[in-house]
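A quick write-up on the structure given underneath.
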Number of protein chains: 2
Amino acid sequence: MEAQKIFVDYLKQNDLKNTPERMVILQEVMKLDKHFEAEVLFEHIKSINIKVSRASIYRTLDLLVQCDLVNRINFDNTCFYYETTMNKSSHDHFICTECGKIIEFYYSEIEKIHKNITDKFELDISEYSHQIYGKCKDCKQKKSLK
Amino acid sequence: MEAQKIFVDYLKQNDLKNTPERMVILQEVMKLDKHFEAEVLFEHIKSINIKVSRASIYRTLDLLVQCDLVNRINFDNTCFYYETTMNKSSHDHFICTECGKIIEFYYSEIEKIHKNITDKFELDISEYSHQIYGKCKDCKQKKSLK
DNA sequence: TTCGTTGCAAAGCTTTTGCACGAAT
DNA sequence: ATTCGTGCAAAAGCTTTGCAACGAA
């Protein structure tokens, strides 16, 4: 189902009002990259000459999280990141602490682990975060030459 | 090796000073429960009538993270949590997004994945972060009752 | 004596909130 | 006419930082 319809229905069902601000925010959220910050969304909307306050950004993001159109995730304690739930694919990241290089990888075992833990503890998993930090091949070699 | 020796050595090797505040903080960190907040450590030390400022708590925790005696973890964006690394096998966390409950778990497959990726990309892994977010059994049931 | 360290308070940042005005139904 | 939403600015809450006094080496 289309995101906008889901959101409008959600608003209606909860006696919330359909406002221009809310519609703009949903529309622009859908255009952003996978993991975006509230501030990025705010700046983005400002950049297309639409005026929406930061408060409305945060409040509307909360609503979008409520109706499962958006996930709010917690990456590094600097701020929350948001991502749309539509078309989401899973992969993890290796981040080189020397040069910042990122390697994406995917192992089906991760999903098996999640399935296993879901069953064992009767959980309902919505999101996960899996990062590996260290030195990439190049930086490892540079380091050992010293 | 004993934590205190590791810390003292670390300080010496980095031309940092061995101060009473740092020693107290290390000592009391070791007494705390698994996942504690900086504020809890601060209050704990105050409660035993030792005077250490919040700033020193934060600065010393950073040092302890630097020398791998403590991990700094990020569960819910409210604050950082810390845990000692001594005598602790690696484990990951499930965090309930409704009630904040934390479940620790360990799967050897994670290590296999890391070994595999290390070999494949010739990496040097120093740390990783793996959190799963969702609803725990109780909160899942509460939600479905509505 | 020399620097690193401490405590304090202020600043920094992201997110939330109180309030008066404005808009949707 | 209600009632909810918005913008603004202030508040919140955790963490970091600037600075002067202090203390370890």
Side-chain angles (χ1 to χ4, degrees), chain A residues 4 7-29 32 35-46 49-67 70-83, chain B residues 4 7-29 35-46 49-67 70-82 97 100:
Chain A
Q4 189 173 332
F7 191 35
V8 170
D9 285 354
Y10 173 83
L11 294 175
K12 206 163 287 177
Q13 283 173 16
N14 290 275
D15 291 317
L16 300 171
K17 287 170 180 167
N18 182 332
T19 68
E21 288 83 358
R22 286 175 174 166
M23 290 304 113
V24 164
I25 289 170
L26 172 60
Q27 182 184 308
E28 298 308 316
V29 156
L32 290 181
H35 300 89
F36 62 88
E37 307 167 31
E39 187 64 21
V40 165
L41 176 59
F42 175 71
E43 291 298 335
H44 168 71
I45 291 182
K46 197 156 75 178
N49 292 310
I50 298 178
K51 201 163 174 306
V52 176
S53 70
R54 240 185 223 91
S56 290
I57 296 281
Y58 280 103
R59 287 187 280 227
T60 301
L61 281 171
D62 281 351
L63 293 179
L64 293 174
V65 169
Q66 287 303 312
C67 63
V70 165
N71 283 331
R72 182 164 104 152
I73 51 182
N74 165 249
F75 190 69
D76 58 7
N77 253 38
T78 61
C79 64
F80 284 109
Y81 292 82
Y82 297 85
E83 66 172 10
Chain B
Q4 190 175 331
F7 191 34
V8 170
D9 285 354
Y10 173 82
L11 294 175
K12 206 165 288 176
Q13 282 173 17
N14 290 274
D15 291 317
L16 300 170
K17 286 172 181 168
N18 182 333
T19 68
E21 288 84 359
R22 285 175 175 167
M23 290 304 112
V24 164
I25 289 170
L26 171 60
Q27 181 184 308
E28 299 307 318
V29 156
H35 309 106
F36 62 89
E37 306 166 30
E39 187 64 21
V40 166
L41 177 59
F42 175 71
E43 291 298 335
H44 168 70
I45 290 182
K46 196 155 74 179
N49 292 309
I50 298 177
K51 201 164 176 305
V52 176
S53 69
R54 241 185 222 88
S56 290
I57 297 281
Y58 280 104
R59 287 187 281 226
T60 302
L61 281 171
D62 281 351
L63 294 179
L64 293 174
V65 169
Q66 288 301 312
C67 64
V70 166
N71 283 333
R72 182 164 104 154
I73 341 176
N74 164 248
F75 287 142
D76 57 8
N77 262 40
T78 62
C79 64
F80 285 109
Y81 293 82
Y82 297 85
T97 52

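Just the heavy atoms: all of them, side chains too, but no hydrogens, waters or symmetry mates, feed the values below.
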key: Closest-nucleotide 5' rank along DNA chain C - winner of B:Leu11 and A:Pro20   =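 Its nearest nucleotide being more 5', the pick is B:Leu11.
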
Using the side-chain heavy atoms of [X], tell me which of these nucleotides is nearest: [options].
X: A:Lys51; options: D:dA24, D:dT6, D:dG7; result: D:dG7
X: B:Cys79; options: C:dG7, D:dC8, D:dC14; result: D:dC14
X: B:Phe80; options: D:dT15, C:dT25, C:dC8; result: D:dT15
X: B:Val52; options: D:dC14, C:dG7, C:dT14; result: C:dG7
X: A:Lys17; options: C:dA23, C:dG7, D:dA24; result: C:dA23

ask   = Taking it one step at a time, do B:Leu26 and B:Thr60 satisfy side-chain contact (heavy atoms from CB on, under 4.5 Å)?
value = CA-CA 8 Å; B:Leu26 171 60; B:Thr60 302; over 6 Å; no

Within this structure, what is the [atom1]-to-[atom2] distance between [X] and [N], rounded to whole angstrom?
X: B:Ile50; N: C:dG7; atom1: CD1; atom2: P; value: 12 Å
X: B:Glu43; N: D:dC14; atom1: CD; atom2: P; value: 11 Å
X: B:Ile57; N: D:dC14; atom1: CD1; atom2: P; value: 15 Å
X: A:Glu21; N: D:dC4; atom1: CD; atom2: P; value: 17 Å
X: A:Glu39; N: C:dG12; atom1: CD; atom2: P; value: 16 Å
X: A:Tyr81; N: C:dT15; atom1: OH; atom2: C1'; value: 14 Å
X: B:Arg54; N: D:dT15; atom1: CZ; atom2: P; value: 10 Å
X: B:Arg22; N: D:dA25; atom1: CZ; atom2: P; value: 10 Å

Would one find a side-chain N or O of [X] under 4.0 angstrom from OP1 or OP2 of [N]?
X: A:Arg59; N: D:dT6; answer: no
X: B:Thr19; N: C:dT6; answer: yes
X: B:Ser56; N: C:dG7; answer: yes
X: A:Tyr58; N: C:dT15; answer: yes

message = Minimum heavy-atom separation for A:Asn71 and A:Val65, please, with both atom names.
response =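 What the structure gives for the nearest pair is C-CG2, 4.4 Å.
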
request  = For A:Phe7 and A:Arg22, work out which heavy atoms get closest and say how close.
outcome  =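 Answer, listing the atom of A:Phe7 first, then A:Arg22: CE2-O, 3.7 Å.
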
task = On DNA chain D, check which nucleotide each of B:Ala38 and B:Asn18 is closest to and give me the residue with the more 5' one.
result =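 The residue closer to the strand's 5' end, by nearest nucleotide, is B:Ala38.
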
Nearest-0.5 Å distance that lies between atom SG in A:Cys79 and atom CD in A:Glu37 =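 Taking SG in A:Cys79 and CD in A:Glu37, the distance rounds to 3.5 Å.
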
message = So B:Tyr10 and B:Leu64, do their side chains get closer than 4.5 Å, heavy atoms only?
response =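 They are not in contact (no side-chain heavy atoms under 4.5 Å apart), so the answer is no.
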
